[in-house]
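Reminder, nothing fancy here: chain letters follow the sequence lines and each chain counts from 1. The basis for the numbers below is simple: all heavy atoms, side chains too, and nothing from hydrogens, waters or symmetry mates.
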Amino acid sequence: MDYEITIGGRSEKVTLSRSAGEPEQYEFQGAAWDQPLRVTVVRREPSQLVLSIAERIYSVRPFRRSPGGAEFLVNGELVSAALVAKGGPKAAGAGVASVNELVVSHFPAKVVRILVANGARVKAGETLLILESMKMETHVDAPRECTVLELFVAEGEMVNRGAKLTRLDFG
Amino acid sequence: MDYEITIGGRSEKVTLSRSAGEPEQYEFQGAAWDQPLRVTVVRREPSQLVLSIAERIYSVRPFRRSPGGAEFLVNGELVSAALVAKGGPKAAGAGVASVNELVVSHFPAKVVRILVANGARVKAGETLLILESMKMETHVDAPRECTVLELFVAEGEMVNRGAKLTRLDFG
Amino acid sequence: MHEFQRVLIANRGEIALRVLRALRTLEIESVAIYSDADASARPTIEADRAFRMPGVSPAETYLNGAQIVEIARRSDCDAVHPGYGFLSENSEFARLCRENSLTFIGPSPEALATSGNKLACKKLAEARGIPVVPYTPDPLEDANEAARFAEEIGFPVLLKSAFGGGGRGIKEVSSRDDIREAFESSRREAESAFGRSAVFVEKKLVRPRHIEVQILASQGSAEVVHLGERECSIQRRFQKLVELSPSPVVDAETRERIARHAITLAKAVEYSNAGTMEFLRDSDTGEFYFLEVNARLQVEHPVTELVNGIDLVASQIEVARHGKLPFRQKDVRPSGVAIECRINSEDPLSDFVPNTGRIEYLRLPAGPGVRVDTALYEGLEVTPYYDSLLAKLIAWGPSFEEARRRQLTALHEFKLVGVTTTIPLHREVMVTPSFVHGELSTSFLSDSGVLKRVSEEAQRSDPDRFAIAALILSKNQFREPTSPRLGVATAPRPPSFERGGRFIDGL
Amino acid sequence: MHEFQRVLIANRGEIALRVLRALRTLEIESVAIYSDADASARPTIEADRAFRMPGVSPAETYLNGAQIVEIARRSDCDAVHPGYGFLSENSEFARLCRENSLTFIGPSPEALATSGNKLACKKLAEARGIPVVPYTPDPLEDANEAARFAEEIGFPVLLKSAFGGGGRGIKEVSSRDDIREAFESSRREAESAFGRSAVFVEKKLVRPRHIEVQILASQGSAEVVHLGERECSIQRRFQKLVELSPSPVVDAETRERIARHAITLAKAVEYSNAGTMEFLRDSDTGEFYFLEVNARLQVEHPVTELVNGIDLVASQIEVARHGKLPFRQKDVRPSGVAIECRINSEDPLSDFVPNTGRIEYLRLPAGPGVRVDTALYEGLEVTPYYDSLLAKLIAWGPSFEEARRRQLTALHEFKLVGVTTTIPLHREVMVTPSFVHGELSTSFLSDSGVLKRVSEEAQRSDPDRFAIAALILSKNQFREPTSPRLGVATAPRPPSFERGGRFIDGL
C-alpha cells in the first residue's frame, strides 16, 4: 500500500498504479476491500474529469485545496480528502486534540452572554458563552473539564466566522 | 449625444455622464427618449454589477467581447451591444450587404444535396443546397438573384458551424 | 409477472432522465447507455451503471439495437425502456429483446409492426367506421403517381412517410410543380430517420386541430383505459411546439366518442402499454379523422400526467412487469388544465433552423404547478447529432387561464444563454389573443402573426438596456482574461468587470 | 372591493419570490424592498421595482414598518403582502397600513392582536369547549413563579413566549434546577425576536404529534373554509423540519372535528384571510389539544397547495381585494399526499447550529410531483442576518408511499455545495422505518436514531471515493490559479485539473 488517504475522518491504505496503453486507466487497491478497482479516464476537461469505475460514471470537479489535500465535487457532492504521506507525520486538520485549545466561532454571530471569567475552572458540559445567529441561541459548552485561559470577546460583540472566542487549558 | 450604440439591429445616439459624489451614479440621455435616466451602481463585484435604474434593479454579468462591442447578461438575458465610434465607420457585424457574399453554415450539419453547379445563375428563392442537422433538412436558398462563384463542400460531407458553403455574386 | 431488479434505458437527454426518476421511485436499478457525445450527460452520471456505445451517430449508438441488447444482457437487466424516438417503435428491436429474455417496456413486436404501418392502421380504422382523411392506400412508386392522386383529391396535399413519426419526412405540396422535389426530399428524410423510404399522399385539411388520445392497455388489450386528450395544434415543420390537455374544443361527449375510437383501434391492433391515437379535427365540420398510432410514450406525456395525477412512465413499467393496469377507468379523475412548451435549440426567426453551442448560463423556472423536464446543465455542449429538444416546460392550473398565466410567468423566469431557443416565441404565443381564447390550428404560427411580434420584441428599444450598454462599453468595464492559456492545464477564466480603464475617451 | 395595481412585498428570500410569482400570475405589479445584504437577491432583481432599506439588521430593514409603509406610499402601492415572520403578525404594522390606505394582506389589526396573544387564545378555546394543554393563565413575573407552576403540573414543562412563533423563546425544562437559566434565556430570545419578553409555562406532552388546520376566512369571518390538516411533528429546536398533508393519523371524522374547532376559533377572533390553528395530539389518548393561532401564511403552505390544487398566496390576495372567498368548502377536493422537507443551512450533526457561506454549486431536483421553493442561486452569499431556511423541497404523490419515494429521489438529486445543510438528514428520515410507517412525534429525531445514521453515512467508506481521491491527490491533478489577483479587477478563477506534475513521487 503506497498511500494513506483520509476522507470524512476515515483513513484507508491504498495503492494506485497506471495500466499500460490507452485509454488512460489505473488499478486501485485498498486494504479494506477485497477486489481491485479499474479507474478509467473517460474524458478530461479543465473543469471536470469524467471517470468510470466498474460502470459507474463520475463527474469530478475541482473545488479547492485543503490542508494536506483537496476538496472536489463527485457528482455534485463535496468530498474532502487528505493524503497522509508515507511514514511522515499526520497531516494537519486531522482533529488531533491538544492541551491548549482555541475555541473559534463556526459562524458569524452576536455574543449575547459570557458565563465564565478568565481563569475560571469549568466542568465538562458547562456553558462558557451564548451566541446568537439567525435568531437562534447557541450554547458553547466545555467539552471536558478545563480552565479558561483567555476570553477574546465581550458581551454584545458581533463576531465573524473563525473569530477566536476563548482559549481553554485541558492540562 | 456622445455615442451611438447598437443593440439587436437598432442604433441609438446616447450620452452618459458621471454625477458627482457617492454612490457612483451616472446620468443617461438618449435622443429617442424624453426623460434622462439615473443609473446607480448598487454593488460592484468581479462577476457582476448590480445597477439601479428608476427603481429597477439589474444584475449585469460579463459574457464575452464581440466585434466593436461586448455581450453581457442583464438579469439572465443576453444583450449584444456594439459601439459606433463618433464619426468613424460603422462597426463590423452590422449586417451590411456586400456584392460578393460568403454563405456559411450556422450549425454543424451534413450536406445531403447540392443543387447548383459552379457558375450557375440562380433566381431568388432557388435552393442551393440542403443540410441535415438534428434529423431535419434545412434548405439554403438564394436570397436574391445571383451567380454561384464557388462551392466549398461536397455531398455527404460533414461541416462545422461557421464552415464556408458557397460564395455568391449579386453584381 | 416479472419483477424488475434492473432496467436499461435505451435513450438519452431529458427522457432518459425522466425514465431514471421513475425507476428510482420504483426502487429499480438503472443502467444507462451513452454515446461519446454524452459521456458527461446527466443520465450517464446519475444512473446506477452506465455503458459506453462508441461513436456519436445515432446508428452507432442509440439505434444500435444489437449492441444495446448485448449490454442489457451483460449487465443482467430484466427489461429495456426505449423512451421516445430511436428504437421506441421498432418492432425488430422489440423482437430482439424478447428473444433475449428482456422485457421491452412497450407494445409487443406484432402490435408495433401494425401500429407503425400508417396505411394499415388507416384501413383498420376505416373497417371499423372511424373516419380517416383521404389518402393513397398503397406506398407510391414515383412522383408521377403522387401527382396523379393529388390532382384527384385536390391540392394542397401532404407527402408522408408510411412508417415512423416525429414530423420527419412530411412535406406539404400546394401545386403540381413542387411535387417532384418534395417527393424526393420526403423519401430521403424517411430513409435517414426510419430506414424505410415508403411514402404516401394524404389530403391536407385546412386549419385543422391536432387532437390525440392517450391510452394505456394491459397485456393483449384485455383492458384499455384512456387518459383524456391532448391538443397539439401549434406546430412548426410538422412537429409539435405547444401541447395542452384537455383541448378547449373537446366536450365530455366528444371526449367519450374519440376515446371510444382510440380504444377500438387499440384492441384492433392488440395494443399493450402506453400509446396515443392521433386525430385531426376539421375546423369547418368539427368532424374528427383518425391520423395515426404513436406506439410509444409521447414527448408531451407530462400534460396528461399533471391533469390526471398519474405517473405514465411508472405505469408503463407496472404494465410491463405485471401485465395488468395499475388503475381502472373510474380511477382516472382529471382536474384542471396543463400546457407544455417545447424549448428547442432553434431560431424561430430563421425558420426554426437548429443551432448548437455551449449552455453558458441557465436558470430554470419554478413555482406552483410548474414542472421542467430537462437534462440541461451549465456547461453542457448542445451537439448536432440528436434532436433539438432542450427542455419541456409544463404548467398546470385549475383552469386554462390560470395554466396560461403560470406558463407565461415561468417563461419569463426561464433564462438560457448559449444557444438560440424557442423561449421568446412561446412568450408571444401565450399572449396571442387567439391562444388566450383557445382558438388553435396547425396554421397557428402563420395565421396569428406571432413570429412578427417575436421579431419586434427582439428589436424593442428599451432605454434601460441602452443605458447599461453605455456604461459597460464607454467605461470599458468589460474585461476578458488577458492571456487565455488554452489546453488542459487551465480552466477557462470567466470574463469580468473592471473599474477604470478607458475604452474610448470623453468620460 | 379594491383592485390592486401594485403590491409591496414586505419580506425576503424564498417567500418574497413565492409572493412575486403569485402577483405575476394575477398580473399585478410587484415592489420589492431589500436590505444591503440582499441587493442582488432574486426577488430584488425580479420585482418590477425594488427599493433599498439601508442596513442589514432586521430592525433596520424588514422589521422597519414605518419605512416600509413610506416606500409603499411613495411607489403608489395598493397593498402590502407581509409573507411569514418579520411583520406578518404585527398588529401595529397592520394598523399603520390601514391608516395609510394600504390593504394589509392578512387579518385585521384587531384579529392579529388577539391571535398573537397565546394566553388569550387558549382562554377563548377553553370557553368554547376546545381542549387545551394545562398552562399558566398569566405571564410569569419571575423564575420562582415558573418553578411553582411546573411542580404543580409536573415536569417536564415548556417555557414559551406569550407572543410570536417560529419556535423562538421555547425552552424545555425537565427539572427545577434548570428553570432559572431557561426562564432568562426564553425571555431574552422572546425580547430579541418579538420585542416582548412575556413568558408562560405549559405542560409538555410526551411524544405528541403536531397537527395544524389550514383555514381561509372572508372579511370579518362571514365565511370560513378549511383546507385540511398538516402534520409537522418532526422538529428540531421546536422548529418544523418535515411537514406533510394529510396526517397519517387523521381520519375523516377526526378531520371534521378539528376543522370545526379551527373554524370556531377563527370566528371567535373575527379572523380573516389565511391562517392556521395548531393542535397537539396526545399519543396515549388520541385527544387533540389546541395550541395556538398562526395568523399568517405558514412556511409549510405548499403541502396544502399541492394536495388541494389551490394557490394559497393568490387566494390571500383575492380575499384581500374582494373580501370574499374565491371558492367554497365543497370546491375543496383534496387528493394524494404531499411531504415538505426544509433545507436549512444548519449542521444536523452539530445540534443544528446554523452556518453561512457562498453557494458554490447548486443543482435543484425536479420530476413529476416535485416542487422546490427557493431563492438560491450559485454565487449567493448566505448571511447570518436572517433565518437559516435555504429551500423547501415538496413532493406530491397519489399515496404517502409514492410521495415519500419521490421526496427521497429528489433529495438524492439535490446538490448544494458551500454550506452544510439538512439534506443528508432528510435522506435518512425518508428511509427511517417509523417514518415509512407514518409513526411520528415531536421526539422523532431523538427516538428514531436518525442522527446516528446520518453520522454513519458521512463516515461511510466508499471505495470509489477513495479511488477518485487517490487519483486526484497522487497525480496532483488539482490546480489552483497560480497567482490569484484579488480585488475588483479580476474575477476569481476556478480551480482546475491538470495532466502531469507530481504531488508526491512514486507514480
Side-chain angles (χ1 to χ4, degrees), chain C residues 17-18 20-27 42 46 302 305-306 309-314 327 331 333 335-336 363-374 377-378 396-398 402 404-406 408-410 412-413 479 481-482 487-501, chain D residues 17-18 20-27 42 46 302 305-306 309-314 327 331 333 335-336 363-374 377-378 396-398 402 404-406 408-410 412-413 479 481-482 487-501:
Chain C
L17 194 56
R18 173 70 188 84
L20 181 53
R21 284 177 178 140
L23 292 173
R24 279 205 192 136
T25 60
L26 294 170
E27 298 179 345
R42 283 195 56 185
E46 293 179 43
E305 294 187 321
L306 286 184
I310 283 170
D311 184 329
L312 266 172
V313 180
F327 51 84
D331 302 321
R333 275 171 300 203
S335 153
R363 207 192 56 206
L364 299 175
V370 173
R371 167 173 159 190
V372 189
D373 277 19
T374 187
Y377 60 90
E378 269 179 26
W396 177 91
E402 283 157 295
R404 183 188 70 81
R405 290 182 180 197
R406 283 180 175 175
L408 181 62
T409 299
H412 280 290
E413 250 182 61
R479 180 194 173 105
T482 41
V488 291
T490 55
R493 190 146 59 91
S496 63
F497 292 120
E498 64 176 10
R499 190 192 279 272
Chain D
L17 194 57
R18 172 71 189 85
L20 181 53
R21 284 176 178 141
L23 291 172
R24 279 204 191 135
T25 59
L26 295 169
E27 299 181 345
R42 283 196 56 185
E46 292 180 44
E305 293 187 322
L306 286 182
I310 283 170
D311 183 330
L312 265 173
V313 180
F327 52 83
D331 303 320
R333 275 172 300 204
S335 154
R363 207 190 60 205
L364 299 175
V370 173
R371 168 173 160 191
V372 189
D373 278 19
T374 186
Y377 61 91
E378 268 179 25
W396 176 91
E402 283 158 295
R404 182 188 73 80
R405 289 181 181 198
R406 285 179 173 177
L408 181 63
T409 298
H412 281 290
E413 253 184 57
R479 181 192 173 103
T482 40
V488 292
T490 53
R493 190 146 60 90
S496 62
F497 292 119
E498 65 176 10
R499 189 192 279 273

Roughly how far, to the nearest 0.5 Å, is the CD atom of C/E378 from the CD atom of D/E378? 6.0 Å

How about D/R21 and C/V370: do any of their side-chain heavy atoms sit closer than 4.5 Å? no

Which one wins on heavy-atom pair count under 4.5 Å against chain D: C/A410, C/A366, C/S335? C/A366

Which portion of D/R24 sits near chain C, non-hydrogen atoms under 4.5 angstrom: both

Select, from D/E27, D/R18, D/E305, the one with the greatest count of heavy-atom pairs under 4.5 Å involving chain C. D/E27

For C/R404, give me all partners under side chain to side chain donor-acceptor pair (under 3.5 Å), at least two apart in sequence or on another chain. C/E401

As a quick check of understanding, evaluate side chain to side chain contact (heavy atoms under 4.5 Å, CB included) for D/R406 and C/D311, giving each step before the final call. CA-CA 11 Å; D/R406 285 179 173 177; C/D311 184 329; 3.5 Å; yes

Can you tell me which portion of D/P368 sits under 4.5 Å from chain C's heavy atoms? Options are side chain, backbone, both or neither. both

Chain C contact via D/R333 - which portion, at a heavy-atom distance below 4.5 Å: neither

Between C/P398 and D/G309 the two heavy atoms that sit nearest each other are CG-O, 3.8 Å

Comparing C/A314, C/P302, C/G367 against chain D, the one with the most heavy-atom pairs below 4.5 Å turns out to be C/G367

For D/E46, which atoms come within 4.5 Å of any heavy atom of chain C: side chain, backbone, both, or neither? side chain

